[in-house]
Amino acid sequence: MKKVEAIIRPEKIEGVVDGLSKAGFNSLTFYDVKGRGKQGGLVELFRGKAYKIEFIEKVKIEIVVSDSDVEKVIQIITDKAFTGNIGDGKIFVSDIVEVVRIRTKERGDKAL
Amino acid sequence: MKKVEAIIRPEKIEGVVDGLSKAGFNSLTFYDVKGRGKQGGLVELFRGKAYKIEFIEKVKIEIVVSDSDVEKVIQIITDKAFTGNIGDGKIFVSDIVEVVRIRTKERGDKAL
Amino acid sequence: MKKVEAIIRPEKIEGVVDGLSKAGFNSLTFYDVKGRGKQGGLVELFRGKAYKIEFIEKVKIEIVVSDSDVEKVIQIITDKAFTGNIGDGKIFVSDIVEVVRIRTKERGDKAL
Amino acid sequence: MKQLKIFTFATFLIVAVGAIAFGQESAPSANSGDTAWLLTSATLVLLMTIPGLALFYGGMIRGKNVISTIYYSVAAAFTVSITWVIYQYSLIFSGDIGGIIGNLDKLFLRGVTIDSVSGTIPEYVFVVFQMVFGIITVALISGSIVERMNFGAWIIFILLWSLLVYTPLAHMVWGGGYIGGTLGALDFAGGLVVHTSSGITALILAIVLGERVRYGKDNILPHNIVYTFIGAALLWVGWFGFNAGSGLASDGLAGNAWLVTNTAAAAAGISWMLIDYIVSRKVSLIGAVTGVVAGLVAITPASGFVNIGGAIFIGFTVSILSYIFVSRVKKALKYDDSLDVFGVHGVGGMWGALMTGVFADPSVGGKAGLLYGNPNQLLVQAISILITILLVVVGTLISLFITSLITKLRVEPQEEVYGLDFSLHGEKAYEK
Amino acid sequence: MKQLKIFTFATFLIVAVGAIAFGQESAPSANSGDTAWLLTSATLVLLMTIPGLALFYGGMIRGKNVISTIYYSVAAAFTVSITWVIYQYSLIFSGDIGGIIGNLDKLFLRGVTIDSVSGTIPEYVFVVFQMVFGIITVALISGSIVERMNFGAWIIFILLWSLLVYTPLAHMVWGGGYIGGTLGALDFAGGLVVHTSSGITALILAIVLGERVRYGKDNILPHNIVYTFIGAALLWVGWFGFNAGSGLASDGLAGNAWLVTNTAAAAAGISWMLIDYIVSRKVSLIGAVTGVVAGLVAITPASGFVNIGGAIFIGFTVSILSYIFVSRVKKALKYDDSLDVFGVHGVGGMWGALMTGVFADPSVGGKAGLLYGNPNQLLVQAISILITILLVVVGTLISLFITSLITKLRVEPQEEVYGLDFSLHGEKAYEK
Amino acid sequence: MKQLKIFTFATFLIVAVGAIAFGQESAPSANSGDTAWLLTSATLVLLMTIPGLALFYGGMIRGKNVISTIYYSVAAAFTVSITWVIYQYSLIFSGDIGGIIGNLDKLFLRGVTIDSVSGTIPEYVFVVFQMVFGIITVALISGSIVERMNFGAWIIFILLWSLLVYTPLAHMVWGGGYIGGTLGALDFAGGLVVHTSSGITALILAIVLGERVRYGKDNILPHNIVYTFIGAALLWVGWFGFNAGSGLASDGLAGNAWLVTNTAAAAAGISWMLIDYIVSRKVSLIGAVTGVVAGLVAITPASGFVNIGGAIFIGFTVSILSYIFVSRVKKALKYDDSLDVFGVHGVGGMWGALMTGVFADPSVGGKAGLLYGNPNQLLVQAISILITILLVVVGTLISLFITSLITKLRVEPQEEVYGLDFSLHGEKAYEK
Ligand SMILES: Nc1ncnc2c1ncn2[C@@H]1O[C@H](COP(=O)(O)OP(=O)(O)O)[C@@H](O)[C@H]1O
Ligand SMILES: Nc1ncnc2c1ncn2[C@@H]1O[C@H](COP(=O)(O)OP(=O)(O)O)[C@@H](O)[C@H]1O
Ligand SMILES: Nc1ncnc2c1ncn2[C@@H]1O[C@H](COP(=O)(O)OP(=O)(O)O)[C@@H](O)[C@H]1O
């Protein structure tokens with residue numbers, strides 16, 4: 001099994017989740033992060049002074065899927081989170097060696 | 001070494017942490033996430049209209065342990081986070097290739 | 001590619017980020033977590049009663065780099081996050097099997 | 001005899017001097033107690049807008065637009081504070097032209113001095129008390145266009161609207177013009193001038209601007225209900241200045257206005273709470289405070305005329321009406337009156353104005369309504385509402401049209417997605 | 001001679017008219033200055049509850065219960081606003097039956113008109129000023145049962161309690177009944193009626209309801225100390241209406257009440273700050289504002305009778321007592337009076353009532369205490385406290401018993417774990 | 001004839017009694033209307049500090065220091081509340097020694113009773129109205145040293161400063177001393193006493209304490225702009241008590257003061273908004289409210305003397321000056337006056353004091369400025385500012401020196417990094 005982690009723009013979360021949902025990937029987890037990449041910072045004002053905000057708010061989605069679904073998920077995310085501008089974000093894929101569903105104690109692919 | 005990630009109900013965090021503690025697993029990290037799984041959303045009200053909240057607040061615990069301890073930790077978590085209702089959450093296990101304790105620069109199992 | 005996760009003191013985040021930046025590691029993601037390790041809890045007061053706060057606020061930095069850069073990154077973080085007191089935090093390294101840049105759909109090392 | 005003469009004359013002198021002194025205190029000059037209550041009332045009514053209404057609205061929108069939402073109200077305070085002393089006060093309260101508008105004799109408050117008196121209070125106190133009504137009326141409108149109206153357009157629009165709608169309407173109702181004067185409609189503290197006008201305007205704006213991006217798709221929920229509560233509480237508390245000050249005196253009528261205001265607020269709050277419970281078995285705080293505000297709105301025109309019986313009825317019924325508009329009609333007609341200015345202020349203001357024609361008790365304010373044998377008053381109230389609607393619709397459309405010639409009414413969709421706080425104001429409300 | 005006659009007669013006329021006019025203003029009818037201050041005071045006292053107390057309490061509990069906590073206070077305002085005008089006012093202030101309760105002559109405020117006068121203020125103003133005390137007393141109680149009491153039970157309980165406890169107690173102390181009338185106990189602004197009564201009730205409720213789930217196991221810490229501060233500040237500020245309004249006039253006694261109220265608040269705040277520092281080398285803001293509230297509570301019964309020396313003593317000592325109850329006694333006796341209503345209001349109210357019997361200075365309010373040669377007053381105060389406790393305990397237990405027959409007193413443990421905001425009110429206070 | 005005599009005599013009696021009664025109400029004893037407004041005003045001015053200023057400042061710093069920031073203001077209220085009644089009132093308002101200070105005759109308010117009168121209000125009311133000015137002045141200073149000043153040092157410093165700076169300055173300006181008495185400088189509500197003094201002091205403290213750890217390196221941004229807005233709004237609203245109360249009467253002058261206060265606030269807010277827009281195309285809410293506060297500060301000394309023309313000018317210009325100081329001068333001179341007490345209150349206070357000498361309109365307050373043919377007044381105002389600066393610099397340095405002998409002025413760097421809330425107060429403002 002693989003964990004797909006995607007760091008995307010906060011305003012894209014609804015679209016990505018909708019897209020995944022329609023493709024049958026209903027289960028997922030996400031949370032707020034801040035990040036820095038190629039995207040330059042924003043500027044905030046305080047009493048006539050501009051402050052450069054280096055870190056931009058992003059959302060990280062984590063979704064654990066069976067190996068065969070990874071490409072499909074990547075496809076959907078790149079699709080739905082895309083604007084073409086710097087700051088669209090990245091996807092990281094890593095291995096998961098075991099999954100347990102707490103409620104049923106099922107393990108592995110069945111537990112997804 | 002392995003990283004055990006458990007996504008559980010917020011109200012179970014104290015119990016799980018107590019349980020792990022008693023078994024000698026004192027070190028851990030956790031943070032708030034939102035998630036969606038089999039569990040249906042909740043409903044919130046705003047001026048006579050019901051809004052379905054699709055995403056439910058969960059807590060994610062991360063605990064890095066040596067390979068031999070993984071089953072023990074899974075056992076404790078499934079035990080303490082269990083209610084039997086949909087939404088109890090999941091556990092994901094993955095490999096960790098290196099650990100460093102910043103204070104002492106120790107590496108590997110010693111650093112856990 | 002490897003993901004380096006470092007759990008550090010919140011007040012060290014600026015220093016660590018500066019350090020990484022100067023060494024050319026500009027891209028990274030971080031978020032707030034709470035943790036428990038060897039460090040004892042703090043004490044907060046409420047109407048003449050002391051409450052032990054078991055969990056201490058930390059920041060987790062995640063930075064995905066090519067395998068050859070891992071040691072450099074560990075070096076910088078241990079350096080910049082160091083105080084020598086309990087609670088300095090830990091670094092965990094894990095494998096990343098794929099990276100995708102959403103904007104360009106580039107993959108692998110190029111996408112970092 | 002001589003002695004007597006002197007005696008008598010001395011008496012006369014004391015009397016005359018006394019009468020003059022006394023007169024200065026009570027008749028031609030101001031009464032310090034009435035003045036004290038009106039100074040306090042003016043202060044309370046400003047408190048209703050700043051920070052009251054700004055928080056009430058600011059809590060109900062998303063966290064990325066809270067600065068923008070607050071700023072709409074602040075801008076109302078800024079602009080009306082200036083235009084009021086330049087021309088609004090004069091055009092409303094100086095003279096009368098055709099029953100529709102005043103004249104420009106008091107431009108820049110020309111002729112008003114610290115000795116000028118209006119009734120039993122200094123004219124300056126009358127000026128400021130009336131001004132704060134002009135401020136809150138404008139600020140109320142913003143509830144329907146939060147999270148999307150261009151800030152520049154807002155400023156231009158409210159400048160025009162204050163001149164084209166508020167000024168003639170306030171003159172017609174309170175400045176001796178047609179509605180309050182000739183027609184004899186009753187509007188103690190602003191059911192027409194403040195609430196019907198802002199409510200109708202808000203509805204038009206909501207329709208013209210259209211709904212928010214992803215409205216009805218995403219959950220758009222209040223980001224901080226505590227702020228909304230603080231705002232509602234300050235509205236409640238400040239409303240005592242609004243209503244109990246509107247008799248322009250510190251007396252029994254003010255006491256009655258204070259009381260019926262509170263009674264209607266509580267009755268309406270309870271009413272909404274019960275509806276909430278019946279509909280969903282849960283009682284929401286937003287519901288409770290929405291009810292309170294609806295009750296306060298509805299009692300506004302009536303507060304100098306009705307007794308507690310009328311107040312309970314008005315309060316209890318207005319929540320039912322508002323609830324229907326807010327939760328059913330809006331959905332059915334699909335306009336995004338985001339914070340229900342029409343459903344609460346428009347509906348409540350009109351309902352209150354009508355019910356004043358039913359419940360006006362002559363022993364309170366000297367005017368009788370339907371229940372006290374004067375069905376005609378109900379008709380008068382209905383006509384006054386229609387005239388108000390007409391004036392508001394025409395004035396608002398003209399104001400909007402002129403504004404749209406000068407600048408765009410809405411922000412860009414991308415600015416809306418990022419939030420107006422950052423896009424237009426360069427700020428984020430909260431920093432970790 | 002004829003001339004003289006006319007002259008004299010003219011003088012007489014002016015005088016007579018003048019006297020009548022003057023009389024109308026000052027003697028049989030209301031004084032506009034007193035009225036202005038009482039209208040303001042009533043407004044300030046409502047501000048103490050809404051939003052004051054609601055925020056004070058709302059900041060100290062966990063974020064999942066803030067709506068619920070606020071709603072307890074809102075519900076107090078809702079219910080008492082209605083029951084007050086229906087029967088509470090009449091039962092407290094109309095007539096006297098056996099020194100215990102009034103009669104029903106003023107049911108629905110029958111007979112009260114805008115010309116009715118109570119002392120130097122319109123009776124309507126007296127009605128509302130007294131009403132806001134009835135509201136806050138009930139709201140205060142909620143501090144001990146936050147995060148667990150069933151909302152429906154709360155409503156039923158406070159309806160009963162207002163009738164069975166507050167109404168007779170207020171009559172006995174302020175309505176001409178036994179305690180204030182026959183016995184001659186001093187309670188200027190509510191040390192017995194408001195604070196002792198709510199404090200004792202809160203203690204009983206805390207014991208009957210039991211402690212919160214995981215109380216003493218998890219850390220239950222304030223979720224927003226800023227809200228608690230805002231609330232405390234509004235209590236402090238509003239308390240000037242509470243105490244300085246209680247003389248029902250705008251005069252030197254009101255000035256003294258304002259002053260000693262502030263002095264006691266500051267003295268008590270400093271006292272708690274010092275204790276904090278001595279005990280833990282850290283000075284907490286919650287401690288400071290708890291001290292302030294304790295000081296305000298303790299000066300309440302005394303504020304019309306003592307001078308600043310008394311105020312400093314009362315303020316300084318009450319924090320010591322409250323601190324002991326809040327941090328030691330509660331722990332030892334293991335009751336979960338969650339926000340220390342008993343420790344602050346109960347203890348403070350009784351201490352203030354007692355100390356009034358010690359420090360009452362005849363040059364202030366015309367009554368002497370122990371220090372001014374009248375030890376008897378201290379005894380009277382002690383007896384009045386005992387009677388109050390007795391009445392409160394009996395009335396509260398009856399109210400609770402009846403409530404428990406109608407609905408369950410506590411929410412389910414699972415609802416408590418999720419938080420009452422979501423479980424009972426269907427809302428979440430904060431949205432990211 | 002006999003009849004006539006009796007008739008005449010009766011008339012005389014009525015007249016005499018009437019005159020006495022009338023006299024009692026208006027001349028030797030207090031006027032209830034003036035008293036009502038002053039009781040209200042004192043309450044409003046305390047509201048400005050608690051919670052107003054505390055929130056205004058508390059929102060602008062980082063979340064780890066919000067309790068500490070609030071506590072500085074609370075500490076000001078605590079200490080001055082006590083020292084005022086012990087010695088400050090006496091040293092300011094009882095007698096005069098060399099034009100610089102009063103005497104100790106009213107130590108512990110000796111001799112003040114509930115019948116003592118000051119003008120047309122009870123002396124106790126005068127005592128509390130003046131006291132709240134002493135509180136806010138001290139609290140204002142804290143804006144420059146937030147996030148780093150040792151709390152113990154703050155307490156000691158303000159005790160000394162209140163005695164060495166505020167007390168003589170207030171005596172000299174308002175207590176019959178040199179500046180207001182002999183020199184004849186105009187300072188209606190505290191341009192010198194409150195704002196120039198706190199502004200200059202803040203600047204000195206900022207320089208002596210040095211900048212915050214990582215100042216200029218990290219982004220130090222407001223953690224909650226909503227709090228800052230609430231605070232600013234309460235300052236705005238409370239300022240009506242501050243300025244319109246300073247005539248110590250409820251009359252036309254109070255009405256004018258209310259009006260020009262609001263006008264200047266709005267004009268200054270608009271001015272800052274325009275500057276914001278010109279400089280960055282974005283209009284910040286912090287900018288708007290900073291402008292409002294600057295306008296309120298600048299109109300303070302002028303509010304009893306100028307008309308709305310003057311108010312508009314003063315409001316509009318002060319924002320330009322403050323903006324330059326806040327955004328350019330501070331950067332250039334590199335002092336960390338964290339929340340711009342000098343840039344807003346110091347600059348605004350001095351500008352207002354000067355402009356009073358230009359715009360004073362004799363038809364308002366009986367005093368003429370430059371524009372009304374009295375250039376001398378401008379000179380007098382300038383001199384009064386210089387004397388104020390001198391007194392403040394000397395007094396502040398002495399106070400700081402003594403404080404530094406007793407305890408360290410700043411917290412340790414590590415405590416600063418953790419935040420003062422936790423380090424000094426053992427609390428965290430927000431809990432998830
Ligand atoms: N190597 C990396 N490690 C961790 N997070 C990264 C990395 N690169 C990018 N990110 C995250 O992705 C976000 C978007 O990256 P950015 O480079 O701005 O976008 P783009 O890929 O369009 O150039 C960043 O804000 C950061 O949170
Ligand atoms: N495949 C997955 N990938 C990421 N997170 C998941 C996945 N499945 C479940 N989760 C997380 O676990 C939580 C609980 O899952 P849910 O399916 O509701 O519970 P249950 O396992 O009892 O059916 C979800 O809210 C989500 O955060
Ligand atoms: N085994 C672990 N798994 C997950 N998180 C850990 C683990 N060990 C430490 N941490 C995290 O690192 C933080 C610092 O650890 P701590 O033991 O206090 O520091 P030190 O390494 O200096 O002794 C903890 O608060 C926790 O968040």
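Being a predicted model, the structure only gives us computed values, none of them experimental. Labels below follow one simple rule: chain letters A, B, ... track the order of the sequence lines, proteins then strands, and each chain is numbered from 1.
Annotation: side chain of Asn256(F) is not in contact with side chain of Thr113(D) (no heavy-atom distance under 4.5 Å). Side chains of Trp258(F) and Thr43(D) form a contact here, defined as non-hydrogen atoms less than 4.5 Å apart. Two residues are said to be in side-chain contact when any heavy atoms from C-beta on lie closer than 4.5 Å; Leu259(F) and Leu109(D) meet this criterion. Within the 4.5 Å cutoff, the side chain of Leu46(D) has heavy atoms near those of the Asn262(F) side chain. Proximity of Ile82(D) to Thr263(F): side-chain heavy atoms (C-beta onward) are separated by under 4.5 Å at one or more points.
Of the residues listed (Val125(D), Asn31(D), Thr35(D)), the one engaging Ser250(F) in a side-chain contact (heavy atoms from CB on, under 4.5 Å) is Thr35(D), and it is the only one.
Without hydrogens or angle criteria, His425(D) side chain to Val283(F) main chain gives a donor-acceptor distance under 3.5 Å. Panel note: side chain Glu427(D), backbone Ile286(F); a donor-acceptor pair is recorded below 3.5 Å. Within the 3.5 Å criterion, the main-chain N or O of Phe422(D) finds a donor-acceptor partner in the side chain of Lys282(F).
In terms of heavy atoms, Ile308(F) sits closest to Phe108(D) at CD1-O, 3.6 Å. The two atoms that bring Tyr71(D) and Ala288(F) nearest to each other are OH-CB, 3.2 Å, heavy atoms only. Smallest separation of non-hydrogen atoms from Tyr124(D) and Gly255(F): CB-C, 3.7 Å.
Neither the backbone nor the side chain of Phe126(D) has a heavy atom closer than 4.5 Å to any heavy atom of chain F. In this structure, no portion of Ser68(D) lies under 4.5 Å from any heavy atom of chain F. Both the backbone and the side chain of Ala42(D) come within contact range of chain F, judged by heavy atoms closer than 4.5 Å. Residue contact with chain F, scored on non-hydrogen atoms closer than 4.5 Å, involves the backbone and the side chain of Leu39(D) alike. Only the side chain of Val132(D) comes within contact range of chain F, judged by heavy atoms closer than 4.5 Å. Only the side chain of Val292(F) comes within contact range of chain D, judged by heavy atoms closer than 4.5 Å. Using a 4.5 Å cut-off between heavy atoms, Asp251(F) touches chain D through its backbone atoms (N, CA, C, O) alone. In this structure, no portion of Leu38(D) lies under 4.5 Å from any heavy atom of chain F.
Ranked by non-hydrogen atom pairs under 4.5 Å with chain D, the options Ile230(F), Thr40(F), Val226(F) are led by Val226(F). When each of Ala244(F), Pro222(F), Ser363(F), Ala36(F) is checked for heavy-atom pairs under 4.5 Å with chain D, Pro222(F) comes out on top. When each of Val127(D), Leu47(D), Ile114(D) is scored by its heavy-atom pairs under 4.5 Å with chain F, the top score falls to Ile114(D). With chain F as partner, the option from Glu123(D), Met131(D), Glu431(D), Lys428(D) having the largest number of non-hydrogen pairs under 4.5 angstrom is Glu431(D). Contact count versus chain D (heavy atoms, under 4.5 Å) is highest, among Tyr430(F), Phe229(F), Phe240(F), for Phe229(F). Interface check for chain D: of the options Val237(F), Leu285(F), Ile270(F), the most heavy-atom pairs under 4.5 Å are formed by Leu285(F).
With values rounded to the nearest 0.5 angstrom, Ser32(D) atom OG is found 12.0 Å from Ile121(F) atom CD1.
Aromatic ring pairs are classed by plane angle as parallel below 30°, tilted from 30° to 60° and perpendicular above 60°; the pair Tyr227(D) and Tyr227(F) is perpendicular.
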